[in-house]
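All remarks here apply to the structure that follows.
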There are 2 protein chains.
Amino acid sequence: MAGPRGEYRKSAERRAQILEAASTVFARTGYSASSVNEIARVVGISQTGVLHHFAGGKPALLQAVLEQRDARAEDRLSGRHGREFLAGLVAISRAQADQRGLVQLYRLLAAEATDPAHPAHEYFSTRFRRIADAVTQAYREVADAGGLRPGLDPRTAALRTLAMTEGLELLWLQGFEVDMAGDIADFLDAHLTDPLARG
Amino acid sequence: MAGPRGEYRKSAERRAQILEAASTVFARTGYSASSVNEIARVVGISQTGVLHHFAGGKPALLQAVLEQRDARAEDRLSGRHGREFLAGLVAISRAQADQRGLVQLYRLLAAEATDPAHPAHEYFSTRFRRIADAVTQAYREVADAGGLRPGLDPRTAALRTLAMTEGLELLWLQGFEVDMAGDIADFLDAHLTDPLARG
DNA sequence: GTCTATACCCCGATAGAC
DNA sequence: GTCTATCGGGGTATAGAC
């Protein structure tokens with residue numbers, strides 16, 4: 001199980017360092033206004049040093065940052081259905097309170113990417129739709145089991161849940177003292193016949 | 001009631017043109033990534049021509065754009081209290097559906113301005129807090145009149161209302177077909193003993 | 001009021017030495 | 001793997017002519 005040695009290992013570590021630096025720099029000033037040079041400065045190497053590790057330049061850096069986060073986050077919900085899935089949303093919210101930089105990064109990039117010319121435009125639009133569909137599906141499963149309050153439409157409930165989640169995140173970033181996880185749990189409970197278990 | 005003539009009038013018109021161009025350019029690419037040059041190109045004059053009218057440079061342009069919008073929006077709520085104020089929130093949401101560019105501008109700037117070094121940082125943080133306080137006050141007035149459902153705290157209700165408003169705006173910008181005004185009205189009604197009048 | 005010209009800075013990318 | 005040097009482009013801002 002020994003990892004790569006010598007030059008290879010050094011390269012992998014550099015890549016990781018660069019990725020982390022890119023993440024914090026993008027989070028602070030967004031994609032367009034950030035520079036490879038500044039990322040390099042954070043790492044402590046030259047601009048060309050960074051480009052050596054990411055041949056595709058700045059867009060490649062962005063893509064790598066996004067992929068890294070997705071890989072870490074997606075399995076938190078995979079395989080969960082109905083009420084379990086909804087409970088997973090609460091868990092994710094709770095975890096985000098410790099990742100301010102990452103949340104900020106996503107918020108800023110998502111806003112920038114509204115422009116169709118932005119390199120991450122496609123990424124965000126499909127990602128958002130995928131999430132909305134997954135939440136809709138979860139509500140549908142809850143409804144089939146008789147756990148959804150009467151008169152509620154799964155799709156509408158999903159969009160409102162998403163809106164509340166994103167909105168609370170926004171307020172939290174703005175510096176308001178909101179209990180994201182608690183508020184989302186309350187909001188979900190308002191849709192269900194039986195409340196979710198609290199963690 | 002005749003306006004200014006001759007040179008003065010020409011100047012005022014130019015300023016208005018520049019402001020409008022700045023608004024659309026900022027909305028498309030954000031503040032940091034926009035250039036005075038591009039704004040000038042949209043207007044059809046040179047870069048120095050723009051700077052002639054806005055001595056403070058790019059930051060002055062940004063400030064002017066923000067002030068212009070506030071001036072137009074604030075009186076929509078001034079003098080209204082309690083239920084009337086809440087109904088005003090719904091009206092504002094309805095109006096925003098026709099102002100995609102402006103909404104986009106605010107969303108992007110607010111995200112950028114999370115950075116304390118951003119020229120609009122202070123503006124957004126005080127603005128957001130002012131809105132939150134105003135909504136809290138409105139809920140308090142409703143509560144005093146016995147119109148708030150029992151067990152609800154005005155401040156918490158206000159923050160959740162704000163979160164829902166912002167979140168719906170976000171989803172709408174992302175391309176989802178959401179009825180912002182209708183959903184907000186529903187959300188408000190869930191807090192009140194009597195539903196608001198629908199427009 | 002608007003222009004051209006210009007000074008000076010930072011950007012991303014490439015070539016080539018070590 | 002990392003560097004310096006360099007190219008071409010674009011940014012803000014100022015000086016001064018018309």
Side-chain angles (χ1 to χ4, degrees), chain A residues 3-26 28-65 108-109 112 115 117-120, chain B residues 3-22 24-65 108-109 112 115 117-120:
Chain A
R5 283 175 271 169
E7 300 306 315
Y8 283 121
R9 180 174 148 201
K10 193 171 174 190
S11 208
E13 281 174 359
R14 262 285 184 259
R15 273 186 69 94
Q17 285 179 14
I18 293 170
L19 227 52
E20 197 193 328
S23 186
T24 71
V25 171
F26 285 157
R28 190 166 55 237
T29 44
Y31 173 75
S32 319
S34 296
S35 76
V36 176
N37 211 326
E38 185 176 356
I39 294 168
R41 247 180 282 128
V42 170
V43 179
I45 63 177
S46 75
Q47 179 231 25
T48 47
V50 170
L51 292 182
H52 172 74
H53 292 279
F54 289 86
K58 205 161 73 137
L61 271 169
L62 173 60
Q63 198 185 339
V65 167
L108 188 45
L109 288 179
E112 275 187 309
D115 181 357
H118 194 280
Chain B
R5 282 173 272 171
E7 298 307 313
Y8 282 122
R9 180 175 147 200
K10 193 170 176 190
S11 208
E13 281 174 0
R14 264 282 185 260
R15 272 185 70 93
Q17 285 178 13
I18 292 170
L19 228 50
E20 196 194 328
T24 71
V25 171
F26 285 156
R28 190 165 57 237
T29 44
Y31 173 75
S32 321
S34 297
S35 76
V36 176
N37 211 324
E38 184 175 357
I39 294 169
R41 248 180 281 128
V42 169
V43 178
I45 63 176
S46 74
Q47 178 233 22
T48 47
V50 171
L51 292 182
H52 172 74
H53 291 279
F54 289 86
K58 204 161 74 136
L61 269 169
L62 174 60
Q63 198 186 339
V65 167
L108 189 44
L109 287 179
E112 276 187 310
D115 180 358
H118 194 279

Are there any protein N/O atoms within less than 3.5 Å of an N/O atom in nucleotides 9-12 of chain D, and if so, which ones and at what distance?
| unit_1 | atom_1 | unit_2 | atom_2 | d |
| --- | --- | --- | --- | --- |
| D:dG11 | OP1 | B:Ser35 | OG | 3.2 |
| D:dT12 | OP1 | B:Val36 | N | 3.1 |
| D:dT12 | OP2 | B:Val36 | N | 3.2 |

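Atom pair A:Ile18:CD1 and D:dT2:C1' shows a separation of 11 Å (rounding to whole Å applied). As a whole-Å value, the separation of B:Ile45 CD1 from C:dG1 C1' is 9 Å. Nucleotide C:dA15 holds its C1' atom 15 Å from the NE2 atom of A:His52, rounded to whole Å. Rounded to an integer number of Å, the gap from B:Leu61 CG to D:dA13 P is 10 Å. The CD1 atom of B:Ile39 sits 11 Å away from the P atom of D:dA13 (whole-angstrom rounding). Rounded to an integer number of Å, the gap from CG of A:Leu62 to P of C:dG12 is 13 Å.
A side-chain donor-acceptor contact under 3.5 Å links B:Ser34 to the backbone of B:Gly30. Remark: the backbone N or O of A:Val25 is not paired with any side-chain donor or acceptor of A:Glu38 at under 3.5 angstrom.
OP1 and OP2 of C:dT2 both lie 4.0 Å or more from every side-chain N or O belonging to B:Ser46.
Note on residues 34-57 of chain B: no pairs pass ring-ring contact (aromatic ring centres under 6.0 Å, His included), not counting sequence neighbours.
A:Glu13 pairs in a side chain to side chain donor-acceptor pair (under 3.5 Å) with only one of the listed residues (A:Arg15, A:Lys10, A:Arg9), which is A:Arg9.
If you find the closest nucleotide of DNA chain D to A:Arg14 and to B:Thr48, the one lying nearer the 5' end belongs to A:Arg14.
Environment of CD in A:Glu20: sparse, with no more than 12 heavy atoms of neighbouring residues, nucleotides or ligands closer than 6.0 Å.
In this structure, the ring pair (Phe, Tyr, Trp, His ring centres under 6.0 Å) partners of A:Tyr31, at least two apart in sequence or on a different chain, are A:Phe26, A:His118.
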